[in-house]
Amino acid sequence: MPQKRDFISLLDWSSEELLNNLEFASELKQKTLEGRCPKELEGRSYGMIFHKDSLRTRVSCEVAIFQLGGHVLTMSEKEFQMGKRESVKDVAKVLSRYLDGILIRTFSHEVVLELSEHADVPVCNLLTDFNHPCQLMADALTIREKFGRLENTSVCYLGDCNNVTNSWLNLATRLPLDLRISTSPETMPPAHLVDQVRDAGLSQLNIYHEAAEAVRDAEVLYTDVWASMGEKEKLKEREQMLFGFQINQKLLELTNPNSLVMHCLPANRDREITAEVMDGSRSIVYDQAENRLHAQKAILAQLERWRN
Ligand code: CP
Ligand code: NVA
């Protein structure tokens, strides 16, 4: 009986598995655009749990499963109350008797790990306070499409170090990148994730406390909100710390003239990125959003292939 595999962190998969999955996502995208998406999930049912808001993740997951021929149900926190009405273990065990996979977006990363420990079906992490691996697969797919390669792309992440930044560090642990992080001394990424990148020895990683130097020659400028879901009360102090890390026209002029701008969305226009840049010709934010769909299909189809 094959062991179930999960996708809770990019580090759950090897470098080769991640690269193969990006190739698979490209194939699925092409086939979908030609109207012949393979029905890899035919007869399979998935359950999604959302403890935080979502637009892209929720809609792209539903459509991904539909396009792959599967069935999905979204369970609301009100009826569910995992860990309150019943234990995470009991929820995992019961859902595993009905479903072929559990997709979850929640606050605590530990809850997702606990769910995975007890679930007999694959668990896919749709974002926790700690990371956002599905987003990074869509981002990597988008970079491959735009630059014709992912390896050694210079990516400058600007702003608050959060779940998305943590996943960038995980990607740099598995695949060679020139990753620059430009943030304030108060909003640094966790030291152990930085150490993991350096220990893996595949990527160049540099951390800057100002933006102009960090963006020099960068091919991608990337940002995310300054206060993530669950920490909106920190926004005022973050604005004080991070105003120098906004992606704006002036900053774009200091970088590679062919550089492209990414944001996982939702964005706060004119806070971490100006509306002018977001709507400008170098912004690829909607291509990123579109690729959430195709990257998600590849992740779920691969998890299912590993069960067989
Ligand atoms: N990028 C992203 O995960 O968007 P949602 O929060 O809308 O799902
Ligand atoms: N860092 C953001 C990402 C949203 C997709 C958040 O967690 O709110």
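Both ligands and their constituent atoms are indexed starting at 1 by order of listing. All heavy atoms count here, side chains included; hydrogens, waters and symmetry mates do not.
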Find out whether Asn163 and Ser228 are in side-chain contact, i.e. whether some heavy atom of one side chain is under 4.5 Å from a heavy atom of the other. yes

Pairs of nitrogen or oxygen atoms closer than 3.5 Å, one from Met229 and one from ligand 1: do any exist? no

With no hydrogens and no angle check, do the side chains of Asp6 and Ser116 hold a donor and an acceptor under 3.5 Å apart? yes

Any salt bridge linking Glu213 with Arg180? Criterion: basic side-chain nitrogen under 4.0 Å from a carboxylate oxygen. no

Closer than 4.0 angstrom: is that true for some heavy atom of Leu127 and an atom of ligand 1? no

Specify side chain, backbone, both or neither for Gln135, according to which of its non-hydrogen atoms lie closer than 4.0 Å to ligand 1. side chain

Glu186-Ser184 side chain donor-acceptor pair, cut-off 3.5 Å: yes

Looking only at protein heavy atoms, what sits closest to atom 6 (O) of ligand 1 is Arg105 NH1, 2.8 Å

Short side-chain donor-acceptor distance under 3.5 Å, Ser14 and Arg174: no

Is the closest side-chain donor-acceptor distance between Glu17 and Asn21 under 3.5 Å? no

Looking at Lys93, I want to see if its NZ is surrounded by more than 12 non-hydrogen atoms of other residues, nucleotides or ligands under 6.0 Å. yes

Under the 6.0 Å and 45° cation-pi test, does Arg238 pair with Trp226? no

Nitrogen or oxygen of Thr57 less than 3.5 angstrom from that of ligand 1: yes

With under 30° as parallel and over 60° as perpendicular, where do the rings of Phe7 and Trp13 fit, or are they tilted in between? tilted

With a 4.0 angstrom cut-off on heavy atoms, strictly below it, pick out the residues next to ligand 2 and order them by chain and number. Leu127, His132, Asn162, Asn163, Asp224, Val225, Ser228, Met229, Leu265

Pair Thr74-Glu62, side-chain donor/acceptor within less than 3.5 Å: yes

What atoms in ligand 1 come closer than 4.0 Å to a heavy atom of His132? 2 (C), 3 (O)

One residue to check: Leu265. Relative to ligand 1, which of side chain, backbone, both or neither has a non-hydrogen atom less than 4.0 Å away? backbone

For ligand 1, which atoms have a heavy atom of Arg292 less than 4.0 angstrom away? 1 (N), 2 (C), 3 (O)

What is the closest protein heavy atom to atom 4 (O) of ligand 1, and at what distance does it sit? Arg56 NE, 2.8 Å

Atoms of ligand 1 close to Cys264 [distance to a heavy atom under 4.0 angstrom, numbered from 1]: 1 (N)

Give the numbers and elements of all ligand 1 atoms closer than 4.0 Å to a heavy atom of Leu55. 5 (P), 7 (O), 8 (O)

Step by step, would you call Asp100 with Lys4 a salt bridge (charged side-chain N to carboxylate O under 4.0 Å, His left out)? CA-CA 10 Å; Asp100 297 286; Lys4 66 118 181 175; over 6 Å; no

